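Numbered from 1 within each chain, the chains take letters A, B, ... in sequence-line order. All values derive from a computational prediction rather than experimental measurement.
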2 protein chains.
Amino acid sequence: MSDLLERLRGRGWRMTAQRRVVAEVLDGEHVHLTADEVHARAVERLPEISRATVYNTLGELVSLGEILEVATDHRAKRYDPNAHRPHQHLVCASCGAIRDVHPDGNPLTDLPEAERFGFTISDVEVTYRGLCPNCASA
Amino acid sequence: MSDLLERLRGRGWRMTAQRRVVAEVLDGEHVHLTADEVHARAVERLPEISRATVYNTLGELVSLGEILEVATDHRAKRYDPNAHRPHQHLVCASCGAIRDVHPDGNPLTDLPEAERFGFTISDVEVTYRGLCPNCASA
DNA sequence: ATCCTACAATGGACCCTGTCTAAGTCAAAT
DNA sequence: ATTTGACTTAGACAGGGTCCATTGTAGGAT
């Protein structure tokens, strides 16, 4: 079942009903929920859980490296539990659908030394935009 | 001086004091201001200019394709007058400094057909993150 | 089994970014 | 000089997110 919960327990993360629910909501593949969506789903299982707790918990999971924060649009951040395998995102410009994708090669190596300006680069984020099959045919 | 103003005039864009000031503030290389930063600089030259006008004007310039909207952090959008030459961004994770960069190759071609899920891809945005020389040595 | 205490949860105020609206102003065509 | 539709304004509003003082509780110590 929940790999995420296992890992968190193993790391000595203090477990509470709220944290468990948040972790459970996030568990799975191709999950890209906003904080408020996570909250809405968490409330179904634990009606008293507060928005602040969801935000706090998400922030911690991000710090722990267990989930990723992705900014695919200019609106709410989304949280991606697929932090294990590096990947990028493909976003429909019309309906906002999001897919995890795996481009060939490593985009990091595409940036020549002369274009690094002395920066120590540690990460690269790639977002492909276009129309999903549904929206393209509409 | 202002290429941007020239082009806008040539396109029959109705010129007002406010629009001129916004265009002037944005003119230049490696400019990546937020809307409120644009407003702050515009106010120095034209004290009565309103926030709404700055937002409206920026939105129009984006629609006209004269400036780009970039989301390098999870906070305010930034506006990049360098809409002529395709480029990507390099961002310091510590101080937020931004540089325009030009990676080798075309990231669009790095996404294999099997990873496109029927999407019609029209654009790709790449953000490199790391530490700038200043922040790395601190 | 109970007690303690550091850590977690709560909810409501607050902030930042951005949008909208109704009313007033102005560029530029006539 | 007049006209008029486009532009500007101030301020209200909304969404997303953070902060904080208070209350609650997990889990180690006894």
Side-chain angles (χ1 to χ4, degrees), chain A residues 5 8-26 32-64 66-80 96 98, chain B residues 5 8-26 32-64 66-80 96 98:
Chain A
L5 278 179
L8 291 170
R9 234 185 268 280
R11 287 174 151 221
W13 200 51
R14 182 166 163 178
M15 190 53 64
T16 67
Q18 292 84 345
R19 289 174 165 200
R20 187 181 357 268
V21 167
V22 169
E24 283 170 1
V25 165
L26 282 172
H32 300 95
L33 300 171
T34 66
D36 278 337
E37 286 165 356
V38 171
H39 181 236
R41 299 197 186 189
V43 162
E44 290 171 12
R45 299 167 176 231
L46 188 64
E48 331 81 73
I49 192 172
S50 75
R51 233 165 52 96
T53 296
V54 171
Y55 276 96
N56 288 341
T57 305
L58 290 172
E60 271 181 70
L61 291 174
V62 170
S63 298
L64 290 170
E66 293 292 350
I67 64 177
L68 298 174
E69 213 171 56
V70 297
T72 51
D73 55 27
H74 300 261
R75 320 195 60 174
K77 296 172 196 167
R78 294 181 173 275
Y79 294 90
D80 183 345
I98 303 175
Chain B
L5 278 179
L8 291 170
R9 234 185 267 280
R11 286 173 151 224
W13 201 51
R14 181 165 164 180
M15 190 52 65
T16 67
Q18 292 84 346
R19 289 175 164 198
R20 187 183 354 269
V21 167
V22 169
E24 284 172 359
V25 166
L26 282 172
H32 301 94
L33 300 171
T34 66
D36 278 339
E37 287 165 354
V38 171
H39 182 236
R41 299 198 185 189
V43 162
E44 290 171 11
R45 300 168 175 232
L46 188 65
E48 331 82 74
I49 193 171
S50 75
R51 235 165 50 95
T53 296
V54 171
Y55 276 97
N56 289 341
T57 305
L58 290 172
E60 272 182 69
L61 291 173
V62 170
S63 298
L64 289 170
E66 293 292 351
I67 64 177
L68 298 174
E69 214 170 55
V70 297
T72 51
D73 56 27
H74 300 260
R75 321 198 59 178
K77 296 173 196 167
R78 293 181 174 273
Y79 294 89
D80 183 344
I98 303 175

Practice item. Calculate the interatomic distance between H74(B) atom NE2 and dG15(D) atom P; express it in whole Å. Key: 22 Å
Revision key, fill the gap. When every non-hydrogen atom of R51(A) is compared with those of H39(A), the smallest separation belongs to N-NE2, 3.6 Å
Point to revise | Closest listed nucleotide, where the reference is the side chain of T53(B) and the choices are dT8(D), dT19(C), dG17(D) | key: dT8(D)
Point to revise | Nucleotide dT25(D), atom C1' - distance to CD of Q18(A) in whole Å | key: 9 Å
Practice item. Report the residue (R14(A) or S50(B)) whose heavy-atom-nearest nucleotide on DNA chain D is the more 5′ of the two. Key: S50(B)
Review point. Would one find a side-chain N or O of R19(A) under 4.0 angstrom from OP1 or OP2 of dA8(C)?
Key: yes
Practice item. Rounded off to whole Å, could you give me the CZ-to-C1' distance for the R20(A) and dA26(D) pair? Key: 11 Å
Exercise for review: Check the pair R41(A) / E24(A) against salt bridge (charged side-chain N to carboxylate O under 4.0 Å, His left out), numbers first and verdict last.
Suggested key: CA-CA 10 Å; R41(A) 299 197 186 189; E24(A) 283 170 1; over 6 Å; no
Practice item. Please determine if E60(A) and R19(A) form a salt bridge, counting it only when a charged side-chain N lies under 4.0 Å from a carboxylate O. Key: yes
Check your understanding: For T16(A), which contact category applies under a 4.0 Å heavy-atom criterion: base, sugar-phosphate, or nothing?
Key -> sugar-phosphate
Review point. Once you round it to whole Å, what is the distance between P of dT9(D) and OH of Y55(B)?
Key: 15 Å
Revision key, fill the gap. Rounded to whole Å, CZ of R9(B) lies from C1' of dA28(C) at a distance of 14 Å
Exercise for review: Could you state the atom-to-atom distance from OH of Y79(B) to C1' of dT17(C) in whole Å?
Suggested key: 10 Å
Review point. Out of dT9(D), dG12(C), dG27(D), which nucleotide sits closest to the side chain of M15(A)?
Key: dG27(D)
Check your understanding: Within this structure, what is the CG-to-P distance between L33(B) and dT17(C), rounded to whole angstrom?
Key -> 13 Å
Practice item. Specify the separation, in whole Å, of atom CG of L46(B) and atom P of dT25(C). Key: 16 Å
Check your understanding: Out of dT8(D), dG18(C), dT18(D), which has the shortest distance to the side chain of T57(B)?
Key -> dT8(D)
Review point. Just checking R51(B): base, sugar-phosphate only, or nothing, at a heavy-atom cut-off of under 4.0 Å?
Key: base
Check your understanding: Start at the 5' end of DNA chain C and walk down; is the nucleotide closest to W13(B) or to T34(B) reached first?
Key -> T34(B)
Review point. Counting any heavy atom closer than 4.0 Å, what does A76(A) reach on the DNA or RNA strands: base, sugar-phosphate only, or nothing?
Key: sugar-phosphate
Study note, to complete from the structure: When every non-hydrogen atom of V54(A) is compared with those of A35(A), the smallest separation belongs to CG1-O, 3.7 Å
Review point. Mapping E60(A) and A52(B) to their closest nucleotides on DNA chain C, which lands nearer the 5' end?
Key: E60(A)
Review point. Can you name the closest pair of heavy atoms from V70(B) and H74(A) and give their distance?
Key: C-CE1, 4.3 Å
Study note, to complete from the structure: Quick note, D36(A) side chain, CB onward, closest among dG18(C), dT18(D), dG16(D) is dG16(D)
